[in-house]
Amino acid sequence: MNVALWIIAGVLAAVCLVGSSKMFVPQEKLAAMGSSAQWVLDFSPGALKAIGAVELLAAAGLILPAALDVAPALVPLAATGLVVLFACALTMRLRRGEKATIAGDLIYLALAAFVAWGRFGPESFTG
């Protein structure tokens, strides 16, 4: 199970790294990426930068504490933060009526919840 948790944490970290581009890419360019990216128009540029920063921190928090053996207890906390982030993303998509695009968010939420559960419980770094 430890290997599965590492793989899932790596996938989530990669997704978050890609998502952190919100910090650097202008809002108009993000919105032009397709119909599923129109949600960015509902947020201010500062809010998008903050979301991107949270994703960047989550990516680092999922991997670095355990890999460097410096405060590995932060890994399940980062995963729990991602659960909250993806729950908010789901809520936003449902409010916008984007029911066709919520599958990815649901999958990422489930994966983050699995990492949080696994690292808080059976495969804890502190045990």
Margin query: Working note: Leu48 + Trp39, criterion side-chain contact (heavy atoms from CB on, under 4.5 Å); need CA distance, chi angles, decisive distance, verdict.
Written below: CA-CA 10 Å; Leu48 289 175; Trp39 67 270; 3.8 Å; yes
Within the 4.5 Å heavy-atom criterion, are [X] and [Y] side-chain neighbours or not?
X      : Y      : result
Val115 : Leu82  : no
Met92  : Phe43  : yes
Trp117 : Pro122 : yes
Leu12  : Ile8   : yes

Minimum heavy-atom separation for [X] and [Y], please, with both atom names.
X     : Y     : answer
Ala13 : Leu62 : N-CD1, 3.9 Å
Ala31 : Gln38 : O-NE2, 2.6 Å
Ala71 : Pro65 : O-CB, 3.3 Å

Quick one: [atom1] on [X] to [atom2] on [Y], what's the gap to the nearest 0.5 Å?
X      : Y      : atom1 : atom2 : result
Ile102 : Arg93  : CD1   : CZ    : 9.5 Å
Leu17  : Ile63  : CG    : CD1   : 9.0 Å
Thr91  : Asp105 : OG1   : CG    : 10.0 Å
Asp69  : Leu64  : CG    : CG    : 12.5 Å

Next item on the list: Please check if the side chain of Arg119 supplies one atom and the backbone of Glu123 the other of a donor-acceptor pair under 3.5 Å.
Entry: yes
Margin query: Tell me whether Glu98 contacts the main-chain N or O of Ser36 through its side chain, where contact means a donor paired with an acceptor under 3.5 Å.
Written below: no
Next item on the list: May I have all residue pairs that pass ring pair (Phe, Tyr, Trp, His ring centres under 6.0 Å) and include part of residues 65-103, sequence neighbours excluded?
Entry: Phe86-Tyr108
Next item on the list: Mind running side-chain contact (heavy atoms from CB on, under 4.5 Å) on Lys22 and Val40 for me, showing each step along the way?
Entry: CA-CA 9 Å; Lys22 293 174 199 71; Val40 299; 5.6 Å; no
Next item on the list: Please answer: with hydrophobic residues joined when any side-chain heavy atoms are less than 4.5 Å apart, are Val15 and Phe114 in the same cluster?
Entry: yes
